[in-house]
Amino acid sequence: MKNKEIASRFNEIADILELRGENRFRINAYRRGARSVESLQRPIEEIAAEGALGDIPGIGKDLEAKIDEYLEVGSISFLEELRDETHQVLLDMLRIPGIGPKTAVLLYEELKLESLADLKRAALDHRIQGLPKMKAKTEENILKGIEFLERAQGRTPIGEAYPLAERIISALDELPHVTKISPAGSLRRFRETIGDIDILATSRKPGDVIEHFTHLDVVERVLAEGKTKGSVITTEGIQVDLRVVAEASYGAALNYFTGSKEHNIRLREIAIKKKMKLNEYGLFKKSRKGAEKRIAGKTEEEVYKTLGFPYIPPEIREDTGEIEAAREGTLPDLVEMKDIRGDLHFHSNWSDGTSSLTELAVAGKAAGYRYLIVSDHSKSLHIAHGLSEDRLREQMDEIDRINKRLSGFKLLKGSEVDILPDGSLDLSDDVLEQLDIVIVAIHSQFKMKRDAMTARVITALQNPYANILAHPTGRLLGSRDAYEIDMSAVIDAAAETDTAIEINAHPMRLDLNAATARMTAEAGVMISIGTDAHNPALEMRYMRYGVYTARRGWLSKEQILNTKTVTQLLRSLHHKRKQM
DNA sequence: GCCGTTTTCGGCCCGACTGTTTTCAGTCG
């Protein structure tokens, strides 16, 4: 799948054109094309093969030819020429916060830079102040920008960002004159990683709120402090932006600051066609005399309604079809936390978890669940004290004993069985047959060739007892890439063999991711959400990241295994055993 | 460079904050 490669090349073209001061609309066309290609739900090679590149929004004749060229020869000659004429340090400088194309070119030409190290040295030697429009402050900001770049590598996982945002929000919420406060941005859309944390509030005294915010304990450095907007870096190195708006604008502002940018642009374009104007202060209509009147803005619902749409939930505001679905009245009824009846991936202290079976039952019941699976590792996974077949039988007896003492709640007998390199399972069919639910997953030999890995997983799915494929791509956010595997083939096999695929809710996994989960469910495969918790006190709450990933994948509760009752769940899973 | 209920040319999302300026360009989201 070359979507990302092509998107990044279009963005690079845009960057270079911007450095050269080209027409900004031409630049924007490349950026729009890049976004469009990156957000495609399927491999661009497939679309090219169908001759349907021109149907992608933002892709016209020119960009289509460049995509074809890249797919055929692996490069784009136009970009190669641009690269030949552009020094790398110019592109490097664009990654420094505060430096845009104009400043980059000026610094490059005046200082004869060869690298970012040169720029840092120039700043330290005070050779930047004195250049046109550059003084001591500019120099200081450039140094800070370089430091930020060196320190803050990449984005923050939502599992870190969300709790931090909640702490800041609850601290600000205590202020007497803060009336409303909410997360916004990619955090509210529950993206798996967050660039910076956006928070929106309403207050009669916006300046006081901003001032309080910039003096919170978690603040290490203040980047900006205005009348309605404050921006800080926390001690963890995460940027947090706070905006304070008036009550009458809250809905419009929440919509604006939640994004995505692509979604917002679509909404604004629609507003313009309806002779309206949408900004963060509201939705406005122009009178004949040219005066503007606010016709919506207090709530998001009001903004969408006045534009002629139903409410679109934040998690799907990515311009991947939600505007069209809203127009046609076919928006999905997204799964919610309250629909979840149980956790379908959990470890006890029989393998590498921290808690006893009884403690699991107590925690599950306290969380309001009706069931919770015990899915300890199987024998091959020595490092996690995987259970032998005898130990697993003992555990099943113990679960039976505990269940007799419970009412309205059930521990399910499960196992997270290793998929061995040849695709066979680590436990015999005799034992698997006695389990309520069999999870299969890969924990070894990650570096197999793509075809072999795909065949390995498909073989496992063909076992009549395999119910759920867990963390199917093996990726760990920020530390390990997905292994080489053809997910389209795996999804097809799951559909054929009546096997579910997991959204692993652990915030460092989120595997399946939202886009693949959407593809999977569209193929008619059931999705299971499991926290993979090893410590209930800390990790059970990860369920929300799984549910929000499902929402980002457009899933309704009918497509999620663990919204079913125990009876429905076991009946649907055991259907496969009878079939095969 | 793309696009069309403004349709093959002439538009293209919009405003806050900063740092340098005396009225604004650059950057960011």
Side-chain angles (χ1 to χ4, degrees), chain A residues 10 13-14 17-19 21-36 53-67 78 93-107 128-142 144-145 148 184-187 194-200 206 210 214 222-232 239-245 249 252-253 255-284 292 308 319 327:
Chain A
F10 282 173
I13 291 175
L17 293 179
E18 207 163 16
L19 287 165
E22 291 268 351
N23 178 316
R24 66 196 170 99
F25 298 111
R26 187 183 177 206
I27 294 161
N28 224 6
Y30 278 100
R31 296 220 188 276
R32 180 164 143 80
R35 282 199 305 269
S36 204
L53 288 175
D55 294 344
I56 303 171
I59 303 297
K61 277 210 162 52
D62 228 90
L63 268 60
E64 178 174 350
K66 290 184 170 72
I67 293 171
F78 179 55
M93 274 193 280
L94 292 182
R95 289 166 35 230
I96 300 173
I99 295 189
K102 294 286 193 294
T103 314
V105 168
L106 178 82
L107 292 170
I128 291 178
Q129 47 181 297
L131 298 176
K133 293 194 174 180
M134 307 266 170
K135 288 193 166 175
K137 191 80 180 177
T138 325
E139 199 167 73
E140 205 177 298
N141 284 340
I142 287 172
K144 282 179 183 167
F148 180 80
S186 53
L187 191 75
I194 305 301
D196 55 23
I197 293 175
D198 288 305
I199 299 172
L200 183 74
I210 301 286
T214 55
V222 178
L223 296 175
E225 186 173 10
K227 286 198 279 284
T228 64
K229 177 187 166 176
S231 188
V232 304
Q239 183 171 333
V240 185
D241 295 342
L242 171 70
R243 272 96 168 180
V244 186
V245 300
S249 298
N255 181 251
Y256 176 78
F257 291 119
T258 296
S260 70
K261 190 172 179 179
E262 295 74 43
H263 179 86
N264 287 351
I265 289 174
R266 291 290 303 276
L267 289 186
R268 287 180 181 211
E269 286 168 356
I270 288 161
I272 291 170
K273 284 193 183 127
K274 292 179 183 283
K275 310 273 187 215
M276 301 177 191
K277 183 177 85 170
L278 179 63
N279 61 24
E280 60 261 54
Y281 298 106
L283 183 60
F284 298 87
E292 287 181 346
D319 192 22
R327 189 178 282 141

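A note on names: the letters A, B, ... follow the listed sequences, proteins ahead of strands, and every chain is numbered from 1.
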**OP:** Mind checking side chain to side chain contact (heavy atoms under 4.5 Å, CB included) for A/V105 and listing every partner two or more places apart, or none if nothing turns up?
**Re:** A/L19, A/L90, A/E109

**OP:** Measure the distance from NZ on A/K275 to C1' on B/dT6 and round it to the nearest whole Å.
**Re:** 7 Å

Original post:
Counting any heavy atom closer than 4.0 Å, what does A/I99 reach on the DNA or RNA strands: base, sugar-phosphate only, or nothing?
Top reply: sugar-phosphate

**OP:** Quote, to the nearest angstrom, the C1' distance that separates B/dC2 from B/dT8.
**Re:** 12 Å

**OP:** Consider the side chain of A/Y281, meaning its heavy atoms from C-beta on, and name the nucleotide among B/dG1, B/dA16, B/dG29 that approaches it most closely.
**Re:** B/dA16

Original post:
Looking only at atom P, what distance separates B/dC17 and B/dC13, rounded to whole Å?
Top reply: 23 Å

Subject >> Which residues share a side chain to side chain donor-acceptor pair (under 3.5 Å) with A/T214, sequence neighbours left out >> reply: A/E225

Original post:
Quick one: salt bridge (Lys or Arg N to Asp or Glu O under 4.0 Å) pairs with a partner in residues 257-273 of chain A, sequence neighbours left out?
Top reply: A/R35-A/E262, A/R266-A/D319, A/R266-A/E324

Subject >> Distance, rounded to the nearest Å, where A/E225 contributes CD and B/dC17 contributes P >> reply: 11 Å

Original post:
Can you tell me how far C1' in B/dT6 sits from the matching atom in B/dG11, rounded to whole Å?
Top reply: 9 Å

Original post:
What does A/I96 touch in the nucleic acid at a heavy-atom separation under 4.0 angstrom: a base, only the sugar-phosphate, or nothing?
Top reply: sugar-phosphate

Original post:
A/A271: what forms a side chain to side chain contact (heavy atoms under 4.5 Å, CB included) with it, not counting sequence neighbours?
Top reply: A/M276, A/L278, A/L283, A/L307

Original post:
Roughly, in whole Å, what's the span from NZ in A/K61 to P in B/dC2?
Top reply: 9 Å

Original post:
Under 3.5 Å, is there a donor-acceptor pair linking the side chains of A/Q129 and A/T138?
Top reply: no

**OP:** Would you mind telling me which residue lines up with the more 5' stretch of DNA chain B, A/P97 or A/I56, judged by nearest nucleotide?
**Re:** A/I56

Original post:
Within the structure shown, what part of the strands sits under 4.0 Å from A/L267 by heavy-atom distance: base, sugar-phosphate, or nothing?
Top reply: nothing

**OP:** Starting from P on B/dG26, measure out to CG on A/L107 and report it in whole angstrom.
**Re:** 13 Å

Original post:
Who passes salt bridge (Lys or Arg N to Asp or Glu O under 4.0 Å) against A/E280, sequence neighbours left out?
Top reply: none

Subject >> Donor + acceptor pair across side chains of A/D241, A/Q239 (<3.5 Å) >> reply: yes

Original post:
Of all the nucleotides listed (B/dG19, B/dC2, B/dG26), which has the minimum atom distance to the side chain of A/D62?
Top reply: B/dC2

Original post:
So A/Y30 and A/F10, would you call those rings parallel, tilted or perpendicular, with 30° and 60° as cut-offs?
Top reply: perpendicular

Original post:
Considering only the P atoms, how many Å lie between B/dG26 and B/dT20, rounded to the nearest integer?
Top reply: 14 Å

Original post:
Atom CD1 of A/I142 and atom P of B/dG19: how far apart are they, to the nearest Å?
Top reply: 12 Å

Distances for protein N/O vs nucleotides 11-14 of chain B N/O pairs under 3.5 angstrom?
from	atom 1	to	atom 2	distance (Å)
B/dC13	O2	A/R268	NH1	2.7
B/dC14	O4'	A/R268	NH1	2.3

Original post:
Choosing from B/dT27, B/dG19, B/dG1, which nucleotide comes nearest the side chain of A/A29?
Top reply: B/dG1

Original post:
Atom CD1 of A/I270 to atom C1' of B/dG4: distance rounded to whole Å?
Top reply: 15 Å

Original post:
Within this structure, what is the CG-to-P distance between A/D196 and B/dC17, rounded to whole angstrom?
Top reply: 16 Å

Subject >> For B/dA16, the Watson-Crick or wobble counterpart (both distances under 3.5 Å) >> reply: B/dT27

Original post:
Who pairs with A/E140 by salt bridge (Lys or Arg N to Asp or Glu O under 4.0 Å), at least two apart in sequence or on another chain?
Top reply: A/K144

Subject >> All salt bridge (Lys or Arg N to Asp or Glu O under 4.0 Å) counterparts of A/R26, not counting sequence neighbours >> reply: A/E22

Subject >> Residue whose closest nucleotide on DNA chain B lies nearer the 5' end, A/G100 versus A/K66 >> reply: A/K66

Original post:
Between A/K273 (NZ) and B/dT6 (P), how many Å, whole number?
Top reply: 8 Å

Might you list the N or O atoms of the protein lying below 3.5 Å from N or O atoms in nucleotides 20-22 of chain B, with each pair's distance?
from	atom 1	to	atom 2	distance (Å)
B/dT20	OP1	A/K135	N	2.8
B/dT20	OP1	A/T138	N	3.4
B/dT20	OP1	A/T138	OG1	2.2
B/dT21	OP2	A/K135	NZ	3.3

Subject >> Contact under 4.0 Å: A/S231 side-chain N or O vs B/dC17 OP1/OP2 >> reply: no

